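Report on the structure given below.
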Amino acid sequence: MKDKALPVLAVLGIIVVIWYLAAVWMNSTWVYDQAGRAGTAPGFSEVVRATMALERPLLPAPHQVAAALWDGITGEAITSKRSLVYHGWVTMEATLAGFALGIVLGVTLAIGIVYFRVMEATVMPWAVISQTIPIVALAPMIVVLSNTLSLGEALGLENRLVSKTIISAYLSFFPVLVGMVKGLRSPDAMQLDQLATWNANGWQSFLYLRLPSSMPYFFASLKVAIAAALVGAIVGELPTGAVEGLGARMLVASQFGQPLLMWASLFAAAIVAGMLILHVGALQRGADRMMGVRP
Amino acid sequence: MKDTLNAGRAVIEAKGLNLTFETGDGPVHALKDVNLTIGRGEFVSFIGPSGCGKTTLLRCIAALEHPTGGTLLVNGMSPDEARMKRAYGYVFQAAGLYPWRTIAGNIKLPLEIMGFDKAEQDRRVERVLDLVELTGFGKKFPWQLSGGMQQRASIARALAFDADILLMDEPFGALDEIVRDRLNEELLKLWAATGKTIGFVTHSIPEAVYLSTKIVVMSPRPGRITDVIESPLPKERPLDIRDSRAFIEIAHRVRDGLRAGHGDEV
């Protein structure tokens with residue numbers, strides 16, 4: 001753990017230093033402007049101090065973002081619409097729903113593609129094409145469509161959650177699909193011959209050989225898919241009328257000129273991403289142990 | 001005794017066997033007019049340069065390839081029927097153990113597929129682990145075993161379901177000479193203890209002579225049998241039998257056979 005933490009902390013330190021320098025440099029124009037209008041000539045140390053305490057800075061200093069983040073997390077009841085925990089939960093909910101749907105979709109399609117030649121020719125090209133369409137262009141259409149069709153009501157869920165889940169799944173099914181197709185095809189001719197000598201049927205060769213062989217590919221794809229699912233959920237929150245979720249918070253903050261809130265939401269999203277990836281990693285280690293992988 | 005009653009009866013019978021693969025460069029004659037009879041309890045080695053069809057012949061017996069001409073009977077049935085009746089266990093060049101299963105789990109794999117009940121599976125795993133001298137290694141994972149031990153585990157797996165034929169395709173080809181010698185000795189012991197009929201593909205002349213009661217010498221393009229040698233060596237074979245006159249004479253004859261098959265080529 002220690003030898004892993006050190007490089008990460010070193011890079012973090014460098015980023016913070018660069019960030020402070022950039023904050024001083026980018027915000028100083030505004031400080032000099034103000035000083036010029038007031039007819040004063042501030043010294044260098046005064047300018048530096050001023051650049052780090054602006055209410056609407058071009059680039060907030062790290063400690064300002066940290067304070068805003070801390071305030072957003074602990075300053076409000078977690079049920080409050082001003083709490084980042086609340087909005088983070090809303091985003092995470094959609095992310096996990098989209099991730100789950102993406103896994104089901106990706107795995108199902110991969111099995112179809114591996115076992116049916118027709119599906120390889122029909123599904124695979126469209127799956128690739130689907131990922132070339134910019135999601136920001138597609139998201140509003142999905143939102144409008146699922147609202148119009150009242151998909152959520154039909155399922156007993158909020159329309160907003162349903163459209164975000166669809167967008168999130170749209171992004172996250174693809175890495176799972178590609179990983180699983182590769183994984184299910186990873187057994188070599190010898191291994192398949194071996195099963196043939198035991199008269200194994202198709203279901204048995206799937207269950208005993210293809211599925212376990214695909215697991216390393218599956219977990220590698222999950223790490224990409226969970227990140228894609230989070231991006232999908234946040235993008236899905238932008239056109240929903242910016243009511244709730246971290247994406248909505250970012251949109252509100254940028255529209256109403258609150259850079260501190262924007263940065264705090266951004267970091268909240270990063271924390272959510274970190275937690276999700278840690279959990280996927282733990283899941284993988286658990287599966288590795290169960291499958292006797294060499295430690 | 002059942003064994004003496006069945007002794008010598010043909011287990012594998014090939015008559016005028018032909019196999020042609022259609023490739024982009026035209027047909028490839030993998031097997032041409034192969035005639036061979038293997039009796040019960042024999043240890044038969046197939047030896048020849050690559051491309052001579054020795055592996056293809058073994059795969060035909062296992063119904064992994066299908067001849068395009070001639071007849072092939074295994075236990076008096078077609079190879080496909082014989083496979084359905086679990087006539088043979090097949091050992092590949094690579095051990096092919098599943099890394100996510102323990103050694104015992106790997107040996108149980110064919111038993112699970114064939115539907116043996118749990119208690120019977122455990123009994124059989126213990127028995128075949130004893131046979132290949134891996135007692136106590138059942139709970140280990142494949143990566144915890146050496147290459148030679150992994151190959152022994154794969155032999156155990158092929159023995160687990162009581163097939164009376166054991167087909168081995170260069171099983172020790174990837175192992176070093178010292179391990180190979182030991183495994184050869186053990187294989188002879190195993191053969192004596194179980195009375196199986198063994199078909200064994202190899203590149204190595206000493207290995208073929210040391211192990212076999214019958215050596216089938218093959219040559220390529222088209223793949224065919226050039227000589228069948230009945231070994232006069234006794235069934236009991238210590239490693240130093242390889243220095244005996246009889247051994248060296250057979251090895252000579254095998255080498256001559258291989259050279260003759262190559263004569264028109266070089």
Side-chain angles (χ1 to χ4, degrees), chain A residues 103 106-107 110-111 114-115 117 176 179-223 280-295, chain B residues 55-56 58-59 61-66 74 79-116 139-145 154 157-158 160-161 163 165-171 174:
Chain A
I103 291 175
V107 171
I111 293 172
V114 168
Y115 278 92
R117 199 168 274 268
V176 176
M180 281 304 281
V181 167
K182 181 111 177 119
L184 290 172
R185 287 199 174 136
S186 63
D188 59 27
M190 192 209 83
Q191 288 176 301
L192 295 170
D193 278 346
Q194 196 174 53
L195 281 171
T197 68
W198 301 324
N199 302 307
N201 59 33
W203 167 244
Q204 286 168 330
S205 35
F206 174 75
L207 195 68
Y208 289 122
L209 178 61
R210 287 191 192 271
L211 194 62
S213 300
S214 71
M215 283 302 111
Y217 298 84
F218 176 66
F219 282 105
S221 73
L222 283 196
K223 284 187 178 164
V280 170
L283 210 65
Q284 174 175 24
R285 278 191 298 280
D288 278 356
R289 251 198 306 282
M290 265 175 61
M291 292 181 70
V293 170
R294 183 178 200 157
Chain B
T55 295
T56 308
L58 206 68
R59 289 172 63 85
I61 297 169
L64 292 171
E65 306 283 356
H66 292 89
V74 178
D80 283 298
E81 287 168 329
R83 179 165 91 191
M84 295 308 287
K85 298 206 162 147
R86 302 171 197 159
Y88 67 86
Y90 201 106
V91 179
F92 291 83
Q93 179 165 13
L97 302 171
Y98 291 4
W100 56 87
R101 282 178 169 246
T102 59
I103 297 302
N106 269 288
I107 295 172
K108 274 182 198 168
L109 183 65
L111 303 176
E112 282 173 30
I113 288 172
M114 293 167 184
F116 286 86
K139 289 205 172 88
K140 297 266 192 248
F141 279 99
W143 62 267
Q144 294 170 298
L145 269 60
S154 102
R157 184 180 51 188
F161 46 93
I165 305 170
L166 193 55
L167 301 174
M168 308 176 88
D169 185 2
E170 292 186 50

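Naming convention: chains lettered A, B, ... in sequence-line order (proteins, then strands); numbering from 1 in each chain. Predicted, not measured: the structure shown is a model, and the values here were computed from it.
- Atoms CE and OH, from A/Met180 and A/Tyr217 in turn, are 11.5 Å apart once rounded to the nearest 0.5 Å.
- Taken to the nearest 0.5 Å, the CG atom of A/Leu184 stands 6.0 Å off from the CZ atom of A/Phe206.
- Taking non-hydrogen atoms and a 4.5 Å limit, the residue list of residues 207-216 of chain A in contact with chain B, ordered by number, reads A/Tyr208, A/Leu209, A/Pro212, A/Ser213.
- With rounding to the nearest 0.5 angstrom, the OH atom of B/Tyr98 is 7.5 Å from the CZ atom of B/Arg157.
- Residue contact with chain A, scored on non-hydrogen atoms closer than 4.5 Å, is absent for B/Ala82.
- Interface residue B/Met84: backbone and side-chain heavy atoms are both found under 4.5 Å from chain A.
- Only the side chain of A/Gln204 comes within less than 4.5 Å of a heavy atom in chain B; its backbone stays farther off.
- Among all heavy-atom pairs drawn from B/Ala63 and B/Asp80, the shortest one is CB-OD1, 3.6 Å.
- Of the two parts of B/Ala163, neither the backbone nor the side chain holds a non-hydrogen atom closer than 4.5 Å to a non-hydrogen atom of chain A.
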Would you tabulate the side-chain donor-acceptor contacts of residues 283-292 of chain A under 3.5 Å, counting partners in other chains and residues two or more places apart, or write 'none'?
residue, atom, partner, partner atom, Å
A/Gln284, OE1, A/Lys223, NZ, 3.1

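- Residues B/Val91 and B/Ala158 come closest through the heavy atom pair CG2-CB, 3.7 Å.
- Between the OH atom of B/Tyr90 and the CG atom of B/Leu64 there is a distance of 6.0 Å, given to the nearest 0.5 Å.
- Of the possible donor and acceptor atoms, none in the side chain of A/Asn199 sits under 3.5 Å from a partner among the backbone N and O of B/Arg86.
- When the heavy atoms of residues 102-112 of chain B are compared with those of chain A, the residues falling under 4.5 Å are B/Leu109, B/Pro110, B/Glu112, listed by number.
- The structure places CZ of B/Phe92 at 5.5 Å from OG1 of A/Thr197, a figure rounded to the nearest 0.5 Å.
- Taking CZ of B/Arg59 as the start and CG of B/Asp169 as the end, the distance is 8.0 Å to the nearest 0.5 Å.
- Partners of B/Ser154 according to the side-chain hydrogen bond (donor to acceptor under 3.5 Å, both in side chains) rule, which considers only residues two or more places apart in sequence or in another chain, are B/Gln151.
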